[in-house]
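Numbers here are sequence positions counted from 1. Because the structure is predicted, anything quoted here is derived from the model rather than measured. In listed order, ligands and their atoms are each counted from 1.
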Amino acid sequence: MFASYHRARLCAFLTLALAATVLVSCAQAGPFNVYLTYPGDPSTTITVNFQTNKQDRETEVYVDTVPRDGRKDAYARRVEGESTTIPGLPVQRTIHYAMVDGLTPDTTYYFIAGNDSAGFSKEQSFRTIPAGGSPIRFVAGGDMDATRLTRRLLKVAARQNPQFAIVGGDIAYANGDVKNYRNWDRWFANWDRYMRTSEGHRIPIVAAIGNHETNKVESEVYAQRAPFYYAYFGRQADVTYFDRTFGSLFALIVLDSGHIAPHDGEQRAWLAETLARHADVPYRFAVYHVPLYPSHRGFEGEQSANGRTHWGPLFDEHRLTTAFENHDHTLKRTKLLKNNEVSSEGTLYLGDGSWGVKPRDVDADRRWYEESAAGKGHVWVVDVSAQGVTYRALGVRGKVLDSAETPAPSRP
Ligand SMILES: [Fe+2]
């Protein structure tokens, strides 16, 4: 009697465990971690990224300007992509990506992604960036992880209906360690769940690298030092710095603050050439992880000092409009700065990466370069138009915690 009771309990437990296993594997059966990045001009190109837990290699994306309800033969275009894996990952995982080009600016597209072996995603949508001078809204922040604060701020960010999002490094806090793949899965699950506009469009990601994307492996090889960032965001460029132009309004320069590429050398030469190339756009923005003008850490920190030495003079010479800084887990807005001094001709530095991780304290007294600083979680919402740029830092309740403006540039 006693034995049969325990056998029944054991059977019930095994049945529940089996059901849970089936549920988990069902949840991961098709493509997952679907997200969008920009391989080039964000008005005419997009990269559809997704992952599968099979040994499949094929990557297919079906695209159209009208909904097709997932019937793949009905879509106007079929795009073949490529796939890769991360060596040493403790689970089966294929990382797929397909670049879709020839898109029409300011247009909604519907797509499904997958392959015959793994199946296809549900139909999803995105909208291309307008060409020309139409206003553009984006959100920017960094130092995210997957905390309760991250989720709250993701909801706030998505409610602004941004056309894309900048994540300025320290994204999933996996430290380039393949054992920490679940950190990225949690991060993508949050992005998938929350980062859609009110019309349901996915919000594309522009991702910069931070220190928590890298490990301590002694190697010059980018893929070994930052295996997840390389596999998940490496289609943005072959190196960890690149630029994009948004309509005729602004250039966005994404930099590596010394995590894979040093501030000087090739990256510095590329930055000089790139800033010069964008001399004629109304606004030039940069995003990178470690601040030139920190609000929590010391001013003389090595990476901050390297940024001021190697990049600062170029920002000054080419009149960088605004730099989006991160890493210090605070809310910060500087005065306009040029040549390491306050100057009405200078660059605005906004930061400092507090999109989910625990905010840090700032000094009791403002530093000479700060206009405002506070230990508050936030995301920056940026509206760019021919008439100027407005910046608003929104907190967890969507309240404006700080704001600033850049007037339209006066033309000579
Ligand atoms: Fe950091």
Side-chain angles (χ1 to χ4, degrees), residues 139-147 149-150 153-154 157 165-177 180 183-184 186-188 190-191 205-217 222 225-230 232-234 236 239-241 253-263 267 285-312 323-334 349-363 367 370 373-380 393:
V139 291
D143 303 81
M144 293 184 72
D145 204 348
T147 69
L149 178 59
T150 317
L153 288 170
L154 282 169
I166 299 173
V167 184
D170 285 6
I171 304 169
Y173 285 79
N175 297 319
D177 184 340
N180 295 335
N183 294 38
W184 277 101
R186 280 193 288 271
W187 189 87
F188 281 122
N190 281 335
W191 198 273
I205 306 167
V206 177
I209 193 167
N211 53 299
H212 284 288
E213 273 66 70
T214 60
N215 54 40
K216 303 217 180 317
V217 172
Y222 164 23
R225 291 288 325 282
F228 291 111
Y229 182 84
Y230 177 79
Y232 295 168
F233 292 104
Q236 297 178 123
V239 289
T240 46
Y241 46 89
I253 300 172
V254 180
L255 295 168
D256 175 348
S257 45
H259 312 292
I260 298 291
H263 289 81
Q267 182 172 208
F285 301 134
V287 58
Y288 46 84
H289 189 62
V290 178
L292 271 58
Y293 295 96
S295 52
H296 172 81
R297 290 177 170 87
F299 185 67
E300 293 303 337
E302 186 183 354
Q303 284 166 313
S304 294
N306 280 342
R308 290 194 302 275
T309 301
H310 299 296
W311 296 350
F324 294 93
E325 307 194 306
N326 298 280
H327 189 51
D328 268 19
H329 309 178
T330 59
L331 170 58
K332 173 204 73 183
R333 174 166 56 94
T334 67
Y349 293 82
L350 298 177
D352 265 340
S354 195
W355 195 350
V357 290
K358 192 163 183 266
R360 291 194 181 116
D361 293 337
V362 297
D363 298 349
R367 300 180 182 187
E370 290 173 345
K376 290 183 178 171
H378 68 279
V379 61
W380 285 99

Colleague: Using modelled atom types and a 3.5 Å cut-off, is there a donor and acceptor pairing between side-chain atoms of D170 and backbone atoms of N211?
Modeller: yes
Colleague: So, is N326 placed with an N/O/S atom under 2.8 Å from the Fe ion (ligand 1), counting both backbone and side chain?
Modeller: no
Colleague: Does some side-chain heavy atom of Y288 sit less than 4.5 Å from a side-chain heavy atom of H263?
Modeller: no
Colleague: For the residue pair W184 and Y232, categorise the inter-ring angle as parallel (less than 30°), tilted (30 to 60°) or perpendicular (more than 60°).
Modeller: perpendicular
Colleague: Is D170 close enough that one of its N/O/S atoms sits under 2.8 Å from the Fe ion (ligand 1)?
Modeller: yes
Colleague: How about OH on Y173, more than 12 heavy atoms from neighbouring residues, nucleotides or ligands closer than 6.0 Å, or not?
Modeller: yes
Colleague: Looking from the Fe ion (ligand 1), what is the angle between NE2 on H289 and ND1 on H327, to the nearest 10°?
Modeller: 90°
